[in-house]
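Accompanying notes for the structure given below.
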There are 2 protein chains.
Amino acid sequence: MSTLKDVAEKSGVTVTTVSRMLNGRGYISEKTREKINAAMRELNYKPNELARALSKKRSNFIGLIVPSASNMYFCKVIDCVERLVTGSGYKLLLCTSNDETKKELEYFNMLSASKVAGVILASHTQNIDLSVAIDAPIISIDRIISPRIPSVCSDNYQGGILAAEHLIAKGCRKLAHISGSSYLNMEANKRFFGFKEVCEKEGVPYVAIDATEEQFLSMQYENIIHSLIDSNPDIDGIFTSNDIIAAQVIKICSRRGIRIPQQMKVVGYDDIDLCKFCTPSITTIHQPVRDICQRAVESIVLEQDKKGIPIRVTYPVTLVEREST
Amino acid sequence: MSTLKDVAEKSGVTVTTVSRMLNGRGYISEKTREKINAAMRELNYKPNELARALSKKRSNFIGLIVPSASNMYFCKVIDCVERLVTGSGYKLLLCTSNDETKKELEYFNMLSASKVAGVILASHTQNIDLSVAIDAPIISIDRIISPRIPSVCSDNYQGGILAAEHLIAKGCRKLAHISGSSYLNMEANKRFFGFKEVCEKEGVPYVAIDATEEQFLSMQYENIIHSLIDSNPDIDGIFTSNDIIAAQVIKICSRRGIRIPQQMKVVGYDDIDLCKFCTPSITTIHQPVRDICQRAVESIVLEQDKKGIPIRVTYPVTLVEREST
DNA sequence: GCTTATATATTAACCGTTTGACATATAGAT
DNA sequence: ATCTATATGTCAAACGGTTAATATATAAGC
């Protein structure tokens with residue numbers, strides 16, 4: 001593996017000159033530039049990123065912490081972030097925390113030790129001031145972690161409003177809401193508040209139940225869905241806080257012979273691919289994941305040059321109507 | 001941010017002593033060990049991983065290249081690999097190649113420049129000898145890339161056999177096979193060969209169609225499914241090369257009023273979460289993703305110490321029966 | 001008491017870059 | 001011919017670790 005020194009020797013200049021060219025500082029004659037380029041090509045030179053980062057006291061890694069990579073919503077986040085990070089000349093260090101604070105802290109230490117350029121947090125960690133643990137910009141996605149850490153969210157409150165309005169407009173007389181684990185993501189609770197507000201304004205009765213953290217991670221909600229329907233057989237519309245719950249509602253209704261959308265209408269949340277693949281396909285609230293991720297990555301990149309970034313950014317959501325309503 | 005030197009000064013020894021302790025080389029008195037530990041704690045010292053890697057000429061990053069992170073099968077791979085990599089003291093650099101050779105090469109150069117400890121390839125790159133591009137162990141998942149690059153696969157041929165046998169045992173009289181893009185993953189083609197062999201042995205007629213690369217990436221197979229059914233209205237069993245196609249078959253049958261499993265039986269491949277969430281749920285061939293990933297990560301770790309690893313490893317698959325058959 | 005083995009600490013070079021300080025060459029202005 | 005800008009290049013010290021070679025202290029063996 002050839003080094004800067006090899007390139008310098010081969011092209012008859014010093015390492016400083018080569019480095020200067022590589023980093024676009026100072027002046028370089030066209031002739032020298034040519035010589036260096038030729039040498040680099042000939043030696044198949046690739047700058048050692050570790051040495052470079054050590055010297056600059058900053059790597060071009062960006063850390064992304066998600067609870068899990070097997071949850072389809074986070075997959076979308078991972079996919080978007082990876083493309084954006086790479087597109088901006090950085091590299092993605094992926095961390096899955098299982099939503100455990102202990103693991104999140106370990107990852108923070110690890111990322112800090114690798115001198116990452118920034119961290120994007122899509123995992124919980126309520127009320128922990130992580131900024132002390134790392135000397136790099138942090139930004140959280142769809143969660144507000146502490147007053148000082150910037151966040152980029154979608155309009156969860158509005159999402160709840162859209163869902164409730166849609167169900168009511170479609171003729172539902174009694175609604176239900178099933179949330180993910182409200183403990184894990186306080187922001188997402190706003191979906192319920194929006195939903196609730198509309199129900200109350202329109203005088204439509206509703207019930208609400210909350211899944212546990214364990215259910216969220218294992219993605220198994222059958223039990224609570226069954227008991228919800230058992231104890232409220234008159235419900236004709238369900239708004240779920242994520243699409244995975246919605247898919248299971250559909251499954252259970254089908255088993256129980258409840259026809260969708262005739263007897264029961266379902267609105268999910270997130271708009272993951274699953275919505276399209278289900279039969280019937282799922283009406284849902286579309287989160288602008290791409291926009292959110294783009295903002296997050298941009299923030300990290302901008303903060304490299306100490307440019308100020310807004311502390312709170314909110315993107316609008318939209319309702320996507322499919323077969324389940 | 002404190003350094004080794006700070007720790008050494010604070011505990012009244014030299015950096016070598018501290019480093020020696022950190023790396024568990026040579027001898028350290030219990031007293032010294034205590035002093036150093038106290039100093040490290042007090043200074044909240046974290047070794048700079050970049051410096052360490054530079055010095056050792058090898059980082060503890062492991063690169064994973066997948067076509068896309070939004071495909072549910074690869075999500076599972078990402079999730080498994082991340083956990084295993086972290087569990088072995090490494091960090092995951094995630095790369096999404098879109099199955100483009102050019103991008104894969106770029107990623108290889110990038111990974112090489114970051115002195116990764118190894119690369120796990122779950123993306124195509126047929127017949128390119130990537131080992132020249134990087135001085136680190138490479139291992140491919142579910143693909144055979146070149147004679148010299150080790151791979152870990154599941155038994156695709158057997159998967160095809162299980163699927164066909166199951167459909168025939170369930171009473172199907174005419175079968176169809178829809179493959180992903182056979183161009184992208186030659187290994188997966190063996191699923192068809194296994195399927196074909198059983199059909200021929202049992203004297204069951206079949207048709208086979210192949211999706212395009214574009215369809216694989218966009219996950220939209222509706223067109224070919226419609227035309228398959230249009231031109232072969234007598235098919236009563238379909239074996240698809242991945243679960244996403246299977247979900248769409250179910251969707252289209254439902255639209256066309258073809259009842260599943262009564263009039264049409266469907267077997268998918270991979271056993272991603274989607275199978276459970278679909279209505280009806282999907283019978284599929286289960287790939288032991290965890291085992292495969294574990295083997296892959298272990299291989300990379302073992303090769304750090306130049307331990308030999310087998311060039312080809314194959315894991316068995318199983319059929320998981322659900323509602324679609 | 002002297003030699004040897006074992007335990008512990010030190011010095012300094014190296015990993016591959018970046019970069020501030022400084023040197024030299026060239027050309028234009030006076 | 002001298003002075004000043006401007007262009008081009010060089011030296012050497014960081015960055016934060018690792019590690020081979022070497023020195024010193026301690027205990028054991030005879």
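The sequence lines fix the lettering, A, B, ..., with proteins before strands; numbering per chain opens at 1. Worth knowing before you read on, the calculation uses all heavy atoms, side chains too, and leaves out hydrogens, waters and symmetry mates. This structure is a prediction, so every number in the text was calculated from the model and none was measured.
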Task: Footprint string (nucleotides 15-21 of chain C, 5' to 3'): B base within contact, S backbone only, - free, heavy atoms under 4.0 Å - done: BBBBBB-
- [ ] Inspect the contact between Arg143(B) and Asp99(B) and indicate whether a charged nitrogen and a carboxylate oxygen are less than 4.0 angstrom apart.
- [x]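 Salt bridge present between Asp99(B) and Arg143(B).
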Open item on the list: Between Ser59(A) (side chain only) and Lys115(A) (backbone N and O only), is there a donor and an acceptor less than 3.5 Å apart?
Closed with: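 Yes; judged by distance alone, with no hydrogens or angles, the pair exists.
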Task: Donor-acceptor contact present, side-chain Ser114(B) to main-chain Val116(B), <3.5 Å - done: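 Side chain of Ser114(B) to backbone of Val116(B): no pair is present.
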Task: Qualifying residue for side-chain contact (heavy atoms from CB on, under 4.5 Å) with Ile120(B), from Ile300(B), Leu92(B), Val152(B), Val77(B) - done: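 Result: among Ile300(B), Leu92(B), Val152(B), Val77(B), Ile300(B) is the only option passing the side-chain contact (heavy atoms from CB on, under 4.5 Å) with Ile120(B).
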TODO: Dump the intermediate steps for side-chain contact (heavy atoms from CB on, under 4.5 Å) on Lys10(B) and Tyr45(B), then the final yes or no.
DONE: CA-CA 12 Å; Lys10(B) 179 140 220 149; Tyr45(B) 172 73; over 6 Å; no
- [ ] Evaluate the salt bridge (charged side-chain N to carboxylate O under 4.0 Å, His left out) criterion for residues Arg83(B) and Asp79(B): first the C-alpha distance (whole Å), next the side-chain angles of each, then the deciding distance (0.1 Å), finally the verdict.
- [x] CA-CA 6 Å; Arg83(B) 288 168 202 276; Asp79(B) 196 66; 3.0 Å; yes
For [X] and [N], what is the distance between atoms [atom1] and [atom2] respectively, to the nearest whole Å?
{"X": "Ile28(B)", "N": "dA9(C)", "atom1": "CD1", "atom2": "C1'", "value": "9 Å"}
{"X": "Arg58(A)", "N": "dG16(D)", "atom1": "CZ", "atom2": "P", "value": "12 Å"}
{"X": "Lys31(A)", "N": "dA25(C)", "atom1": "NZ", "atom2": "P", "value": "14 Å"}
{"X": "Glu30(A)", "N": "dT8(D)", "atom1": "CD", "atom2": "C1'", "value": "14 Å"}

Task: Criterion side-chain hydrogen bond (donor to acceptor under 3.5 Å, both in side chains) on Thr17(A) and Thr14(A), from CA distance to verdict - done: CA-CA 5 Å; Thr17(A) 309; Thr14(A) 64; 3.2 Å; yes
Open item on the list: I need the residues from residues 32-41 of chain B with at least one non-hydrogen atom less than 4.0 Å from DNA chain C; give them sorted by number, or say none.
Closed with: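 Those residues are Thr32(B).
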Task: Residues, nucleotides or ligands: over 12 heavy atoms within 6.0 Å of Arg58(A) CZ - done: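 Yes, because the 6.0 Å sphere around CZ of Arg58(A) holds more than 12 heavy atoms from other groups.
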TODO: Spell out, with a plain yes or no, whether Cys293(A) and Cys80(A) have SG atoms under 2.5 Å apart.
DONE: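 Answer is no, sulfur atoms not closer than 2.5 Å.
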TODO: Find the bend of the helix from dG1(C)-dC30(D) to dT30(C)-dA1(D) as the angle between its two terminal axes (five pairs each), to the nearest 10°.
DONE: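 Computed from the C1' atoms at both ends, the axes differ by 50°.
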TODO: Answer with yes or no whether the side chains of Ser299(A) and Glu303(A) bring together a donor and an acceptor at under 3.5 Å.
DONE: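 No donor-acceptor contact under 3.5 Å links the two side chains.
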